[in-house]
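Below: one structure, written as structure tokens.
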Amino acid sequence: MSLQKLLALSISIFLVVLLIGFVGFLVLNGGQDPLRSLYMAIITVFSVGYEEVIPVKDNPAAEVFTILFIVAGMTSFVFVTATATGFILEGYLHQILWRKKMHKRIEHLNEHYIVCGSGDTGHHVIEEFAKMGVPFVVIDRNRERVERLAGSEGFCYIEGDATDEDLLKEAGVERARGLVTSLPDDKSNLFVVLTARGLNKTMRIVARAVDEGTPAKLLKVGADAVISPNSIGGLRMASEMLRPNVTTFLDIMMRDRRNTLRFEEATIQDDSEFAGKTIAEADVGKKTGAIIVAVRDAETGHYTFNPRGDTPLKVNDVMVLIGDLDQITKLRRLAAKRGLTITETSGAAPVNPDAGERTDA
């Protein structure tokens with residue numbers, strides 16, 4: 001039995017004993033003056049030593065009842081006191097040790113991610129981050145909910161209000177690589193984005209929006225991308241109706257335990273030997289097995305889907321690829337040698353198929 005349930009049980013027992021004492025003294029007093037009977041029960045169980053307001057001397061039945069009541073009352077009171085003391089001390093010490101441990105772990109994080117909120121949307125983000133093996137910190141008011149998730153995933157978390165600037169700093173926002181805010185109301189998400197952008201000018205911020213008019217505001221105050229669950233849900237339903245095989249393929253890719261397919265993106269750096277070459281000359285597909293799905297032009301932001309072999313690659317262009325775990329691993333090795341930057345640590349264990357819908361066609 002948990003200490004919290006034990007405390008509730010001890011208080012219940014004590015109140016029942018006190019009620020029995022009240023009823024007993026009320027009967028001994030002939031059913032008159034309930035306040036005096038309650039007073040007698042309280043001074044007896046706490047042994048404060050005031051005079052008897054209901055006489056029990058020279059009355060064997062009253063004396064026996066009083067003796068039993070004193071024993072039961074003191075026992076239950078000591079039980080409550082001991083349990084309450086243990087509950088307070090354990091909670092206090094646990095809180096101190098927990099915060100110290102978390103603070104130490106977070107201090108060692110760098111280029112990590114911060115997730116604000118672990119509710120209906122946030123817990124899917126947490127599960128995916130954990131599966132992908134990226135370092136991250138969660139900030140949430142609901143300690144029990146976060147502890148349940150953390151117990152299975154083992155991530156760092158902070159209990160509190162994510163709109164608090166001090167908590168964002170404690171989570172390492174100034175050295176974080178990105179932040180996701182999925183709090184239940186737009187006002188809170190706006191405040192988080194505004195505060196986080198002021199503390200870190202370069203990190204990527206993705207925010208959740210509930211109302212239709214909020215995305216523009218979130219983008220204006222510093223969000224890099226805004227996600228509307230209602231909009232995505234509607235698009236997913238339409239896709240299930242119009243192109244079910246596409247959505248099935250994406251589900252298999254993202255949710256099948258046996259499948260490790262992931263999309264990946266690689267940015268061409270200044271010192272990359274691929275800069276100035278064509279896709280055919282770079283020959284990334286042959287060297288890694290990953291398929292180049294698209295190339296994003298660094299100057300125009302335009303995506304060339306299914307690019308031809310003569311498509312040129314320039315500095316800061318982004319290649320979007322798809323591959324399994326082995327192919328992504330080869331891509332990472334190639335990136336380390338050839339001046340490419342991999343955006344995410346993709347290719348980790350696949351997502352739990354029971355975790356809910358994850359992709360949208």
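Note: hydrogens, waters and symmetry copies are ignored here, and every other heavy atom, side chains too, is used. Starting from 1, each residue takes its place in the sequence as its number.
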Requested in this report: Any chance you could measure Met237, atom CE, to Thr247, atom OG1, to the nearest 0.5 Å?
Outcome: 12.5 Å

Report task. Assess whether side chain to side chain contact (heavy atoms under 4.5 Å, CB included) is satisfied between Leu179 and Cys116, documenting all intermediate values. Result -> CA-CA 8 Å; Leu179 179 144; Cys116 300; 4.1 Å; yes

Requested in this report: Please collect all salt bridge (charged side-chain N to carboxylate O under 4.0 Å, His left out) contacts where either partner lies in residues 16-30, sequence neighbours excluded, each pair once.
Outcome: none

Query raised in the report: What distance separates Cys156 SG from Glu170 CD, expressed to the nearest 0.5 Å?
Result: 11.0 Å

Query - Nearest-0.5 Å distance that lies between atom CG in Asn189 and atom OG1 in Thr181 - result: 3.5 Å

Query raised in the report: Which residue pairs pass the salt bridge (charged side-chain N to carboxylate O under 4.0 Å, His left out) test with at least one member in residues 186-198, sequence neighbours excluded?
Result: Arg197-Asp224

**Report entry** Test side-chain contact (heavy atoms from CB on, under 4.5 Å) applied to Pro229 - qualifying residues, sequence neighbours left out
**Finding:** Thr121, Arg208

Report task. Supply the atom-to-atom distance Phe191 CZ to Leu168 CG, rounded to the nearest 0.5 angstrom. Result -> 9.0 Å

Query raised in the report: After noting the C-alpha distance and the side-chain angles of Tyr113 and Val180, does the key distance pass the side chain to side chain contact (heavy atoms under 4.5 Å, CB included) rule?
Result: CA-CA 8 Å; Tyr113 298 87; Val180 175; over 6 Å; no

Query raised in the report: With a 4.5 Å heavy-atom cut-off, do Val293 and Phe263 have their side chains touching?
Result: yes

Requested in this report: Answer yes if Ile11 and Leu19 sit in the same cluster of Ile, Leu, Val, Met, Phe, Trp and Tyr residues linked by side chain heavy atoms under 4.5 Å apart, and no otherwise.
Outcome: yes

Query raised in the report: How close do Ser76 and Ile13 get, heavy atom to heavy atom, and via which atoms?
Result: CB-CG2, 4.1 Å

Query raised in the report: Is the shortest heavy-atom distance from the side chain of Thr195 to the side chain of Thr163 under 4.5 Å?
Result: no

Query raised in the report: Any side-chain heavy atom of Val137 sitting closer than 4.5 Å to one from Tyr157?
Result: no

Requested in this report: Group every Ile, Leu, Val, Met, Phe, Trp and Tyr by side-chain heavy-atom contacts under 4.5 Å, then state whether Tyr39 and Phe46 land in the same group.
Outcome: yes

Query raised in the report: How close do Ala62 and Leu28 get, heavy atom to heavy atom, and via which atoms?
Result: CB-CD1, 3.8 Å

Requested in this report: Report the residues that fulfil salt bridge (Lys or Arg N to Asp or Glu O under 4.0 Å) with Asp297, sequence neighbours left out, ordered by chain and then residue number.
Outcome: Lys314

Requested in this report: Check for a donor-acceptor pair, side chain of Asn29 on one end and backbone N or O of Gly31 on the other, with a separation under 3.5 Å.
Outcome: no

Query raised in the report: For Arg204, what residues pass the side chain to side chain donor-acceptor pair (under 3.5 Å) criterion, not counting sequence neighbours?
Result: none

Query raised in the report: Any chain of hydrophobic side-chain contacts (each under 4.5 Å) joining Ile67 to Leu18?
Result: no

Report task. May I ask you to check whether His124 and Glu128 show a side-chain donor-acceptor distance below 3.5 Å? Result -> no

Report task. Give me the other members of the hydrophobic cluster that Val71 sits in, counting Ile, Leu, Val, Met, Phe, Trp and Tyr linked by side-chain heavy atoms under 4.5 Å, directly or via other members. Result -> none

Query - Criterion side chain to side chain contact (heavy atoms under 4.5 Å, CB included) on Ile114 and Val173, from CA distance to verdict - result: CA-CA 7 Å; Ile114 298 174; Val173 67; 3.8 Å; yes

Report summary line: Heavy-atom closest pair (Ala171 atom, Ile139 atom, distance to 0.1 Å) is CB-CD1, 3.8 Å

Requested in this report: Looking only at non-hydrogen atoms, find the nearest pair between Ile205 and Ala196 and report the distance.
Outcome: CD1-CB, 4.1 Å

Query raised in the report: If we only count heavy atoms from C-beta on, is the Leu190 to Lys217 side-chain gap below 4.5 Å?
Result: yes

Query - Residues that Asn200 engages under side chain to side chain donor-acceptor pair (under 3.5 Å), provided they are two or more places apart - result: Thr202

Query raised in the report: Do Phe22 and Ile42 have side chains that get closer than 4.5 Å, going by heavy atoms?
Result: no

Query raised in the report: So, does Arg296 use its side chain to make a donor-acceptor pair with the main chain of His302 at under 3.5 Å?
Result: no

Query raised in the report: Do any N or O atoms from the side chain of Thr44 and from the backbone of Met40 form a donor-acceptor pair under 3.5 angstrom?
Result: yes

Query raised in the report: Which atoms form the tightest heavy-atom contact between Val115 and Gly122, and what is the distance?
Result: CG1-O, 4.4 Å

Query raised in the report: Got a sec, which residues hit salt bridge (Lys or Arg N to Asp or Glu O under 4.0 Å) with Asp185, two or more places apart in sequence or on another chain?
Result: none

Report task. Spell out, yes or no, whether Val210 and Leu218 are grouped together once hydrophobic residues are joined by side-chain heavy atoms under 4.5 Å, including indirect joins. Result -> no

Report task. Look at the rings of Phe65 and Phe69 and say which category their plane angle falls in: under 30° parallel, 30 to 60° tilted, over 60° perpendicular. Result -> parallel

Query - Heavy-atom side-chain contact between Val138 and Ile158 under 4.5 Å - result: no

**Report entry** Counterpart residues, side-chain contact (heavy atoms from CB on, under 4.5 Å), relative to Pro307 (two or more places apart)
**Finding:** Ile279, Ile292, Val295, Thr304, Thr311

Query raised in the report: Taking all non-hydrogen atoms of both residues, which atom of Ile106 and which atom of Gly172 are closest, and how far apart?
Result: CG2-N, 4.3 Å

Query - Pairwise distance CG(Leu183) to CG(Asp161) - rounded to 0.5 angstrom - result: 7.5 Å

Report task. Could you pull out all residues at least two apart from Asp310 that satisfy side chain to side chain donor-acceptor pair (under 3.5 Å)? Result -> Arg308

**Report entry** Full working for side chain to side chain contact (heavy atoms under 4.5 Å, CB included) between Glu264 and Ile322
**Finding:** CA-CA 6 Å; Glu264 187 65 276; Ile322 185 173; over 6 Å; no

Query raised in the report: When the ring centroid of Phe14 is compared with that of Phe79, is the distance short of 6.0 Å?
Result: no

Query raised in the report: Are the side chain of Gln327 and the backbone of Gly289 linked by a donor-acceptor contact shorter than 3.5 Å?
Result: yes

Query raised in the report: In Å, rounded to the nearest 0.5 Å, how long is the span from CZ of Arg236 to CE of Met241?
Result: 12.5 Å

**Report entry** Within residues 34-46 or reaching into it, pairs that qualify as salt bridge (charged side-chain N to carboxylate O under 4.0 Å, His left out) - sequence neighbours excluded
**Finding:** Asp33-Arg36

Query raised in the report: Is there a chain of hydrophobic side chains (I, L, V, M, F, W, Y, each step under 4.5 Å between heavy atoms) that links Leu15 to Phe25?
Result: yes

Query raised in the report: Is there side-chain contact between His112 and Val134, with heavy atoms separated by less than 4.5 Å?
Result: no

Query raised in the report: Got a donor-acceptor contact below 3.5 angstrom from the Thr81 side chain to the Phe77 backbone?
Result: yes

Report task. Determine whether Ile232 and Ile227 make a side-chain contact, defined as any pair of heavy atoms from C-beta on separated by less than 4.5 Å. Result -> yes

Query raised in the report: Please, which pairs that meet salt bridge (charged side-chain N to carboxylate O under 4.0 Å, His left out) have at least one residue in residues 63-81, sequence neighbours excluded?
Result: none

